[in-house]
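Sequence lines set the chain letters: A, B, ... in the order given, protein chains first and strands last, and positions in each chain run from 1. We use all heavy atoms of the structure for the numbers below, so side chains are in, but hydrogens, waters and symmetry mates are not.
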2 protein chains.
Amino acid sequence: MSKTQKIPEPTIERLALYSRPLETLLETSVDVISSEKLAQICDVNPAQVRKDLAFFGEFGVRGVGYNVRELLKAIKEILGSYRVWILGIVGMGNLGKALIGNDNFKKRNYRFAAAFDSDPLRVGQKLACGLIVKPVEDIEKSVHALGIEIGIVCSHGAEAQRAASLLMDAGVKAILNFAPAQVRAPKCCMVENVDFSVKLENLAYHLAKIS
Amino acid sequence: MSKTQKIPEPTIERLALYSRPLETLLETSVDVISSEKLAQICDVNPAQVRKDLAFFGEFGVRGVGYNVRELLKAIKEILGSYRVWILGIVGMGNLGKALIGNDNFKKRNYRFAAAFDSDPLRVGQKLACGLIVKPVEDIEKSVHALGIEIGIVCSHGAEAQRAASLLMDAGVKAILNFAPAQVRAPKCCMVENVDFSVKLENLAYHLAKIS
DNA sequence: GCCTGTGAATCCATTCACAGCT
DNA sequence: AGCTGTGAATGGATTCACAGGC
């Protein structure tokens with residue numbers, strides 16, 4: 001199975017989802033789990049869990065289940081979690097500052113190597129993590145000097161495209177965009193959007209429908 | 001068309017997506033736009049745009065396109081954007097504080113009415129927006145007193161479920177969860193997850209594949 | 001008996017292609 | 001001629017259901 005197949009995008013996202021409870025289970029010394037149980041915890045279908053895993057190999061034992069430690073290790077290897085990833089962040093408003101201090105990045109081997117902003121008032125500020133805010137003009141050389149691999153865009157909507165373009169021009173191939181605006185990118189670059197106002201409006205729509 | 005059909009979830013999310021450039025177009029006095037153009041801006045297929053809109057009515061004029069002002073109005077009506085929505089937020093760490101000060105909420109008629117935290121050190125703090133952090137024990141009565149309709153959960157993973165449960169027990173029917181943990185909810189409640197570490201791991205997976 | 005791995009069936013969303021209106 | 005609205009076709013992903021191994 002683990003050969004040259006096309007892996008569905010949702011599968012990758014679910015692998016990340018599975019890894020979280022597995023970590024907890026490992027800490028609490030549970031050593032085997034069935035697709036049924038894991039599915040229940042993650043709120044998905046058990047067959048889905050099995051199929052997702054089957055894309056990458058045979059990790060389970062029939063009649064028994066999956067060894068928690070081994071499964072977690074396998075998932076982390078698939079997701080590249082054993083490697084440190086170098087991040088650069090553009091837009092040091094409240095959200096940017098909150099992200100740079102966020103534990104989830106550290107815990108998962110993501111390191112912020114540089115922070116940028118286009119506002120001269122913010123440039124030069126010293127952040128809680130020790131980094132100093134650089135001007136966006138420095139993106140190009142910083143990306144090369146520091147080996148930045150993933151860019152985080154937290155600019156306001158209007159500036160998001162420019163921030164992303166500067167990163168991509170410097171050779172960054174993956175961007176996580178928090179701005180509520182679509183970012184255009186050549187198809188050699190990946191852009192993931194984290195747009196919570198879309199999610200909120202989705203909730204509002206459904207609430208409005210009921211009442 | 002606009003009758004009792006089941007609207008796909010992705011359609012709702014895209015409506016929110018369309019509304020953003022439409023606002024910009026309105027400001028720049030563009031009064032008509034084709035599905036082709038709008039699709040291009042939003043990076044989707046033109047037929048998709050037309051189909052999405054067709055679920056709710058006939059907003060366009062054949063041979064011409066869509067009137068920007070009317071279309072935006074229609075979308076906002078569908079999404080309930082003309083109504084103020086009352087929010088309560090649980091977990092006032094860096095992320096919680098960044099969200100409560102975030103412009104995108106204000107701009108779109110979402111109002112934070114209360115902020116909660118389980119940490120006694122945070123309870124009583126005065127936030128930049130003027131609110132005072134309340135203990136999570138106050139959730140029940142605050143939800144009723146203030147009419148909180150949507151709950152935002154920014155607690156750490158382990159506490160997210162408790163925060164969400166307190167909100168739902170108090171009658172909140174919609175939750176936006178920023179914690180990297182699955183929240184279980186009865187099906188009368190909606191939960192939307194904003195999980196940026198999943199998105200990051202997705203990017204990492206694809207990068208790891210290439211290099 | 002239990003649980004995985006997987007082809008087959010189903011379901012759902014996207015895209016095509018064109019009829020119909022301006 | 002141009003562009004919407006929409007049935008039909010396509011393409012994916014999810015779920016079912018069961019064969020295969022413990």
Side-chain angles (χ1 to χ4, degrees), chain A residues 1-18 22 25 30-72 74-75 78 182 198 202 205, chain B residues 1-18 22 25 30-72 74-75 78 182 198 202 205:
Chain A
M1 278 316 85
S2 56
K3 277 284 84 163
T4 358
Q5 261 204 283
K6 238 203 70 195
I7 318 289
E9 204 70 4
T11 290
I12 306 296
E13 303 212 343
R14 279 189 301 266
L15 287 185
L17 211 67
Y18 303 153
L22 286 174
L25 289 167
V30 177
D31 35 287
V32 172
I33 190 160
S34 64
S35 61
E36 175 91 35
K37 284 264 183 55
L38 184 54
Q40 198 181 301
I41 294 171
C42 297
D43 204 18
V44 301
N45 182 295
Q48 185 80 82
V49 172
R50 299 199 295 278
K51 190 141 272 197
D52 284 340
L53 298 175
F55 279 113
F56 299 95
E58 307 204 354
F59 303 113
V61 181
R62 287 164 197 232
V64 181
Y66 299 89
N67 177 291
V68 172
R69 183 184 304 275
E70 282 170 20
L71 183 56
L72 182 57
I75 292 178
I78 294 163
Q182 216 54 22
V198 164
N202 196 6
Y205 165 78
Chain B
M1 275 312 85
S2 58
K3 275 284 86 162
T4 358
Q5 258 203 285
K6 238 203 70 196
I7 317 287
E9 205 69 4
T11 289
I12 306 297
E13 304 211 344
R14 279 189 300 266
L15 287 186
L17 211 67
Y18 303 153
L22 285 175
L25 289 166
V30 177
D31 36 285
V32 171
I33 190 162
S34 65
S35 61
E36 174 91 38
K37 285 263 183 57
L38 184 55
Q40 198 181 300
I41 295 171
C42 296
D43 204 17
V44 300
N45 181 295
Q48 185 80 82
V49 172
R50 297 200 296 276
K51 188 142 272 195
D52 285 340
L53 297 174
F55 279 113
F56 299 95
E58 308 204 354
F59 303 113
V61 180
R62 289 166 195 227
V64 181
Y66 299 89
N67 177 291
V68 172
R69 182 184 305 274
E70 280 171 22
L71 183 56
L72 182 57
I75 291 179
I78 293 164
Q182 218 50 24
V198 164
N202 195 7
Y205 165 78

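Note on A:Ser35: a side-chain N or O is less than 4.0 Å away from OP1 or OP2 of C:dT4. For C:dC2, neither phosphate oxygen OP1 nor OP2 lies less than 4.0 angstrom from any side-chain nitrogen or oxygen of A:Tyr66.
Here the CD-CG distance, from B:Glu36 to B:Asn45, works out to 9.0 Å after rounding to the nearest 0.5 Å. Taken to the nearest 0.5 Å, the OG atom of A:Ser34 stands 8.5 Å off from the CD atom of A:Gln40.
Each of B:Leu53, B:Val49, B:Asp52 was compared with B:Arg14 under the side chain to side chain contact (heavy atoms under 4.5 Å, CB included) criterion, and only B:Asp52 meets it.
Counting only heavy atoms from C-beta on, A:Ser34 has its side chain closest to C:dC3 among C:dG5, D:dG5, C:dC3.
Rounded to an integer number of Å, the gap from B:Phe59 CZ to D:dG5 P is 9 Å. Rounding to whole angstrom units, CZ of residue A:Phe55 and P of C:dT4 are separated by 17 Å. Spacing between atom CG of B:Leu53 and atom P of D:dC3 amounts to 16 Å, rounded to whole angstrom units. Between the CG atom of A:Asn67 and the P atom of C:dC3 there is a distance of 16 Å, given to the nearest Å. One can place CD of B:Glu36 at 17 Å from P of D:dA1, the figure rounded to the nearest angstrom. Here the P atom of nucleotide C:dC12 and the CD atom of B:Glu13 are 17 Å apart, to the nearest Å. Separating the CZ atom of A:Phe56 from the C1' atom of C:dT4 is a distance of 17 Å, rounded to the nearest angstrom. At whole-Å resolution of the value, CD in B:Gln40 and C1' in D:dC3 are 15 Å apart.
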Steps toward side chain to side chain contact (heavy atoms under 4.5 Å, CB included) verdict (B:Val32, B:Val61): CA-CA 10 Å; B:Val32 171; B:Val61 180; over 6 Å; no
With side chain to side chain contact (heavy atoms under 4.5 Å, CB included) as the criterion, how do A:Ile12 and A:Phe55 come out once you've worked through the C-alpha distance, each side chain's angles and the decisive distance to 0.1 Å? CA-CA 10 Å; A:Ile12 306 296; A:Phe55 279 113; over 6 Å; no
| task | Verify side chain to side chain contact (heavy atoms under 4.5 Å, CB included) between A:Ile75 and A:Tyr18, making sure each step is shown before the conclusion. | result | CA-CA 8 Å; A:Ile75 292 178; A:Tyr18 303 153; 4.1 Å; yes
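Contact of the A:Leu17 side chain with the A:Asp43 side chain is not registered, since no non-hydrogen atoms from C-beta on lie closer than 4.5 Å.
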Nucleotide by nucleotide, nucleotides 12-22 of chain D touches protein heavy atoms under 4.0 Å in the pattern (B base, S sugar-phosphate only, - none) -SSBBB--BBS
